[in-house]
Amino acid sequence: MIPFNKPYLTGKETIYIEQAVKSGKISGNGMFTQKCQQFFEDKYGFKKCLLTTSCTDALEMAAILCNIQPGDEVIIPSYTFVSSALAFVRQGAKIVFADSQENHPNIDADKIEALITERTKVIVPVHYAGMACDMDKIMQLAEKYNLLVVEDAAQAVDSYYLPAPQPPKGGVSAHLINGNATEVPSKYSPFRGLGGRAALGGRGAALGSIGHFSAFSFHETKNIISGEGGMLAINDERFIQRAEIIWEKGTNRASFFRGEVNKYGWVDTGSSFLPSEIIAAFLWAQIENLDDIQSKRKQIWNRYYEGLKPLADKGYLKLPEMPIFATNNAHMFYLVCNSLEDRTKLINHLKANGILAVFHYLSLHISEYYAPKYDGRELANCDMFADCLVRLPMFYELEVESVNKIVMVIKNIFQ
Ligand SMILES: *Cc1c(COP(=O)(O)O)cnc(C)c1O
């Protein structure tokens with residue numbers, strides 16, 4: 001059986017865990033935690049990183065930091081994992097679900113403005129499959145309506161939002177223009193350097209460095225892992241101090257250890273969002289192998305794409321369409337069938353041949369939990385992806401021969 005996922009171990013995980021254990025410091029915010037956080041800040045230009053016990057927890061921290069009050073509205077794509085919405089629902093938000101693009105599961109940035117009301121507080125772009133949402137349009141809307149942006153970058157480690165094509169002289173770049181060609185001067189525009197774009201010298205902005213906050217996952221199904229694990233990146237300096245407090249049970253412990261206050265106590269809300277050093281030690285081993293992991297995954301991704309292209313050319317199925325401003329971190333390989341029946345047939349046929357492919361995301365607006373609270377419109381593209389999208393096996397140790405076999409088995413269905 002070719003599994004859908006297999007967690008990859010670099011071999012150093014247990015060595016670093018042993019080091020952490022022997023150091024006598026195994027609670028959170030020790031050496032490994034700080035090494036991991038520093039790595040992400042330096043490499044991707046995030047202003048401040050805090051490891052968390054999951055991406056869900058990082059999103060919960062973000063929801064608290066956004067100061068969500070009951071009745072506030074948060075715009076989220078419906079085709080996403082539960083946590084993107086759950087964190088905000090727990091703070092009492094009303095979720096306003098947005099549709100996906102027709103040709104990509106990412107939120108359709110052109111449909112967001114119509115959803116904004118006086119109560120809107122936050123937009124949550126989810127970078128599906130690690131491919132960038134249209135962050136220029138989203139940050140422009142945030143600026144115009146004074147909203148906060150929380151990137152759900154759970155799948156988006158080591159992926160980028162590319163610089164826009166060069167602007168006509170003195171003007172604003174082509175894809176910053178949305179219908180009307182007015183430049184919105186913005187301290188949050190990635191062109192002006194919130195987060196990583198400036199730091200990366202025009203090579204693009206790391207996903208997660210553009211919004212006010214971003215949340216990453218190191219769950220065992222992601223590119224780099226720690227079993228369960230996550231990280232909050234804070235790109236707006238105004239929120240850093242409060243983030244540290246919320247991270248450590250509402251105490252100003254971090255300030256205390258920096259010598260800024262002479263005793264620490266309970267100063268705010270919060271929880272125990274920080275992971276133990278054992279988790280961070282595991283993650284550090286993965287981080288050290290990030291480049292190798294990414295290049296192996298991209299190889300697999302490209303092989304799938306080339307192998308399945310003839311079927312897509314004949315219209316039997318659709319392959320992922322990369323937005324022009326996105327890079328691919330090969331988090332997942334998905335394809336889109338022409339119908340629910342086609343997808344069911346495909347998954348069953350793969351299973352009969354010893355290959356586990358999976359589908360995911362029942363649109364959240366029709367979920368058992370949220371549907372009774374949902375009063376919005378039908379979201380046709382979300383429902384289409386919920387019915388037609390399949391994920392093929394994707395993991396570091398997947399052999400090229402296995403990928404070839406999977407491609408062949410899929411081809412057989414259509415012949
Ligand atoms: C995996 C994932 C999450 C949740 O991550 P955890 O670390 O398991 O909490 C949230 N959002 C998206 C889009 C994900 O893919």
Side-chain angles (χ1 to χ4, degrees), residues 4-5 7 36 40 49-64 74-90 93 95 97-98 100-101 104-107 122-133 135 138 149-159 207-208 210-211 213-233 247 271-276 279-280 282-283 286-287 297 320 326 328-334 358-365 367 369-370 382 385-386 389-391 394-395:
F4 168 67
N5 180 52
C36 293
F40 286 110
C49 291
L50 296 171
L51 291 191
T52 56
T53 50
S54 65
C55 177
T56 305
D57 266 2
L59 288 163
E60 287 193 12
M61 284 186 69
I64 296 170
V74 179
I75 297 173
I76 298 178
S78 183
Y79 186 77
T80 182
F81 188 63
V82 175
S83 303
S84 316
L86 178 63
F88 296 92
V89 170
R90 276 165 59 85
I95 306 300
F97 286 112
S100 297
Q101 292 168 226
H104 198 284
N106 277 347
I107 191 167
V122 181
I123 305 172
V124 184
V126 179
H127 304 298
Y128 185 82
M131 294 175 191
C133 295
M135 293 307 291
I138 292 168
V149 172
V150 178
E151 294 174 69
D152 182 337
Q155 306 176 3
V157 72
D158 198 45
S159 201
L207 298 189
I210 302 165
F213 306 101
S214 62
F216 289 87
S217 175
F218 308 119
H219 184 266
E220 72 169 28
T221 52
K222 304 302 201 280
N223 291 31
I224 55 171
I225 62 175
S226 61
E228 303 281 353
M231 181 176 77
L232 178 71
W247 191 54
S271 188
S272 190
F273 286 115
L274 75 174
S276 90
I279 301 283
F282 192 114
L283 183 62
Q286 297 268 318
I287 285 174
R297 294 181 76 103
N328 179 17
N329 69 347
H331 168 62
M332 88 167 73
F333 193 91
Y334 69 88
V358 301
F359 64 87
H360 69 169
Y361 301 156
L362 174 68
S363 300
L364 297 181
H365 69 288
S367 62
Y369 183 70
Y370 213 82
C382 290
F385 286 114
L389 187 143
V390 199
R391 304 168 67 190
M394 167 59 88
F395 50 90

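Note that ligands are numbered from 1 as they come in the structure, with each ligand's atoms numbered from 1 the same way.
In this structure, Y128 has its ring center under 6.0 Å from that of Y334.
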* **Steps toward ring-ring contact (aromatic ring centres under 6.0 Å, His included) verdict (F40, F218)** => CA-CA 13 Å; F40 286 110; F218 308 119; 5.8 Å; yes

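Checked against a 3.5 angstrom limit, the closest N/O atoms of T80 and ligand 1 fall outside it. Among the atoms of D152, some N or O lies under 3.5 angstrom from an N or O of ligand 1.
Contacts between V126 and ligand 1, counted as non-hydrogen atom pairs separated by less than 4.0 Å, involve the side chain only. Residue contacts with ligand 1, taken as heavy atom pairs separated by less than 4.0 Å, do not involve F216 at all. The parts of C55 lying near ligand 1 are both backbone and side chain, judged by heavy-atom distances below 4.0 Å.
Using cut-offs of 30° and 60° for the angle between ring planes, the F97 and H365 rings count as tilted. Taking the six-membered ring where the residue is Trp, H360 and Y79 present perpendicular rings, their angle passing 60° and hence far from 30°.
Not one N or O on the side chain of R297 forms a donor-acceptor pair closer than 3.5 Å with the backbone of N329.
With respect to atom 15 (O) of ligand 1, the closest heavy atom belonging to the protein is Q155 NE2, 2.8 Å. For atom 9 (O) of ligand 1, the closest non-hydrogen atom on the protein side is T56 OG1, 2.5 Å. Taking atom 14 (C) of ligand 1 as the reference point, the nearest protein heavy-atom neighbour is A154 CB, 3.3 Å.
For Y79, the heavy-atom gap to ligand 1 stays at 4.0 angstrom or more.
A search for side-chain contact (heavy atoms from CB on, under 4.5 Å) contacts involving L86 returns V82, R90, not counting sequence neighbours.
Comparing A87, G230, S217, G227 against atom 7 (O) of ligand 1, the shortest heavy-atom distance belongs to S217. Taking all heavy atoms of K222, H360, E228 into account, the minimum distance to atom 2 (C) of ligand 1 is reached by K222.
Between V150 and P125 the shortest heavy-atom distance is O-CD, 3.2 Å. Between M394 and N5, the closest heavy-atom pair is O-OD1, 3.9 Å.
Close approach to S54 involves these atoms of ligand 1, each under 4.0 Å from a residue heavy atom: 7 (O), 9 (O). Taking every heavy atom of G229 and a limit of under 4.0 angstrom, the matching atoms of ligand 1 come to 7 (O). Proximity to Y361 (heavy-atom distance under 4.0 Å) selects the following atoms of ligand 1: 13 (C), 15 (O).
For the side chain to side chain donor-acceptor pair (under 3.5 Å) criterion with D152, the lone passing option out of S217, S84, S83, S214 is S84.
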